[in-house]
Participant: 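Take this structure, written in structure tokens, and hold onto it; I'll ask about it next.
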Amino acid sequence: MEQNRKIVMGIGNTLNLDEGLGVHALELLEKHLNGRAPDVEFIDGGALGLNLLPWVEEASHLLVLDAINSRFSLPGQIMELEKDAIPLYRDIKMSDHQITFQEVLGLAKFRDYFPEHLHMVGIHPVSIEIGMGMTPEVEALMPEVLERAERVLREWGLVEK
């Protein structure tokens with residue numbers, strides 16, 4: 001399998017307020033770049049779980065936009081994690097419906113198809129209650145998320161001026 005795809009993937013459930021920020025950020029980033037990243041694929045990963053594995057395994061460059069809920073962050077805090085700092089497994093799962101994106105990354109690593117370049121940008125959610133859109137606190141931070149995402153793509157040489 002060739003690992004040569006350059007992917008920005010937005011992850012999250014848009015029916016749970018800030019949980020959907022990755023999907024919202026993906027759409028905003030694609031509009032913001034306005035064709036200046038012609039080799040990059042923008043993929044809405046939604047809440048597809050294990051179905052995201054083929055994209056992860058085929059990526060040489062993978063930028064993930066997602067809600068990042070960490071015990072080391074506070075609600076409304078922007079977070080960035082690079083390749084080896086991303087935890088690959090979380091807790092014990094009782095069914096396939098509970099597979100997290102971290103576990104998809106772990107499986108790709110186990111199968112030896114881990115993206116050479118991997119970076120996550122996101123925000124610790126303020127609320128993941130049922131609802132459309134994002135909380136005002138998270139919405140206000142979206143320009144910085146886009147700025148950071150574009151910086152990563154520039155560092156990888158994937159954004160034209």
Side-chain angles (χ1 to χ4, degrees), residues 1 3 5-33 37 40-83 85-111 113-115 117-146 148-149 152-153:
M1 172 183 334
Q3 289 182 275
R5 294 172 78 174
K6 283 86 174 145
I7 296 173
V8 176
M9 184 178 289
I11 298 175
N13 185 341
T14 57
L15 300 176
N16 291 94
L17 293 177
D18 297 341
E19 169 63 25
L21 80 89
V23 174
H24 296 301
L26 176 78
E27 183 180 327
L28 293 170
L29 181 63
E30 187 172 14
K31 285 179 187 173
H32 171 74
L33 292 175
V40 174
E41 298 174 64
F42 294 86
I43 297 175
D44 178 345
L48 293 176
L50 192 55
N51 292 316
L52 298 174
L53 186 63
W55 284 297
V56 171
E57 291 188 335
E58 293 173 6
S60 59
H61 298 72
L62 179 60
L63 173 59
V64 179
L65 307 173
D66 194 7
I68 301 174
N69 195 343
S70 165
R71 63 178 171 213
F72 303 111
S73 63
L74 299 171
Q77 181 179 345
I78 294 180
M79 304 219 18
E80 284 190 62
L81 297 170
E82 291 187 62
K83 193 174 183 173
I86 300 169
L88 301 182
Y89 297 97
R90 189 172 159 195
D91 304 323
I92 296 172
K93 302 297 175 203
M94 301 302 289
S95 81
D96 290 345
H97 303 289
Q98 296 177 325
I99 289 178
T100 67
F101 187 70
Q102 293 164 272
E103 292 162 324
V104 171
L105 291 174
L107 185 55
K109 188 165 194 160
F110 175 77
R111 291 165 41 102
Y113 291 109
F114 202 62
H117 303 278
L118 174 62
H119 199 96
M120 291 184 83
V121 178
I123 302 172
H124 187 124
V126 172
S127 174
I128 57 171
E129 291 179 18
I130 293 174
M132 300 295 287
M134 294 176 284
T135 60
E137 298 91 338
V138 167
E139 184 81 42
L141 294 170
M142 290 303 277
E144 187 174 344
V145 168
L146 301 182
R148 290 181 186 215
V152 170
L153 294 175

Participant: Any side-chain to backbone donor/acceptor pair from Glu30 onto Glu27? Under 3.5 Å, distance only.
Facilitator: no
Participant: Output the distance between atom CD (Glu103) and atom CG (Leu53), rounded to the nearest 0.5 Å.
Facilitator: 12.0 Å
Participant: What's the shortest heavy-atom distance between Gln3 and Pro115, and which atoms?
Facilitator: NE2-N, 4.1 Å
Participant: Quick one: pull up CG in Leu74 and CD1 in Ile123 and give me the separation to the nearest 0.5 Å.
Facilitator: 13.5 Å
Participant: Quick one: closest heavy-atom pair of Asn51 and Pro54, and the distance?
Facilitator: O-CD, 3.4 Å
Participant: Starting from the C-alpha separation in whole Å, work towards a yes-or-no answer on side-chain contact (heavy atoms from CB on, under 4.5 Å) for Leu118 and Leu105.
Facilitator: CA-CA 10 Å; Leu118 174 62; Leu105 291 174; 4.1 Å; yes
Participant: What do you reckon, is CD1 of Ile128 surrounded by more than 12 foreign heavy atoms closer than 6.0 Å?
Facilitator: no
Participant: If you look only at distance, which donor and acceptor atoms sit under 3.5 Å apart when one is on a side chain in residues 6-15 and the other is two or more places apart or in another chain?
Facilitator:
residue: Lys6; atom: NZ; partner: Asn4; partner atom: O; Å: 3.1
residue: Asn13; atom: OD1; partner: Leu15; partner atom: N; Å: 2.9
residue: Asn13; atom: ND2; partner: Asn16; partner atom: OD1; Å: 3.1

Participant: With no hydrogens and no angle check, is any side-chain donor or acceptor of Asp66 less than 3.5 Å from a backbone partner on Ile68?
Facilitator: no
Participant: Taking salt bridge (charged side-chain N to carboxylate O under 4.0 Å, His left out) as the test, write out the residues that go with Glu41, two or more places apart.
Facilitator: Arg5
Participant: Could you grab the distance from atom CD1 of Ile78 to atom CZ of Arg148, nearest 0.5 Å is fine?
Facilitator: 5.0 Å
Participant: Closest approach of Val104 and Leu52, non-hydrogen atoms and distance?
Facilitator: CG1-C, 4.3 Å
Participant: If you measure from NE2 on His24 to CE on Met142, what distance do you get to the nearest 0.5 Å?
Facilitator: 7.5 Å
Participant: Quick one: do His119 and Glu82 satisfy side-chain contact (heavy atoms from CB on, under 4.5 Å)? Show the steps, please.
Facilitator: CA-CA 5 Å; His119 199 96; Glu82 291 187 62; 3.2 Å; yes
Participant: Would you check if Asn69 and Pro125 make a side-chain contact, meaning some heavy-atom pair closer than 4.5 Å?
Facilitator: yes
Participant: Show the nearest heavy-atom pair for residues Ser73 and His124, with the distance to one decimal.
Facilitator: OG-ND1, 2.5 Å
Participant: Could you please spell out the steps behind the side-chain contact (heavy atoms from CB on, under 4.5 Å) verdict for Phe101 and Val56?
Facilitator: CA-CA 10 Å; Phe101 187 70; Val56 171; 3.8 Å; yes
Participant: For the pair Glu144 (side chain) and Leu141 (backbone), establish whether a donor and an acceptor sit closer than 3.5 Å, ignoring hydrogens and angles.
Facilitator: no
Participant: Kindly indicate whether the side chain of Leu50, heavy atoms from C-beta on, has any atom under 4.5 Å from the side chain of Leu107.
Facilitator: yes
Participant: Are Met79 and Phe72 side-chain neighbours, meaning at least one heavy-atom pair lies under 4.5 Å?
Facilitator: no
Participant: For the CD atom of Glu129 and the CD atom of Glu19, what is their distance to the nearest 0.5 Å?
Facilitator: 13.5 Å
Participant: Between CD of Glu139 and CG of Leu17, what distance do you get to the nearest 0.5 Å?
Facilitator: 11.0 Å
Participant: Can any side-chain N or O of Asp18 pair as donor or acceptor with the backbone N or O of Thr135 at less than 3.5 Å?
Facilitator: yes
Participant: Determine the minimum heavy-atom distance between Pro143 and Ala140, stating which atoms define it.
Facilitator: CD-O, 3.5 Å
Participant: Determine, step by step, whether Val40 and Leu63 satisfy the side-chain contact (heavy atoms from CB on, under 4.5 Å) criterion, reporting the C-alpha distance in whole Å, the side-chain angles of both residues, the deciding distance to 0.1 Å, and the verdict.
Facilitator: CA-CA 10 Å; Val40 174; Leu63 173 59; over 6 Å; no
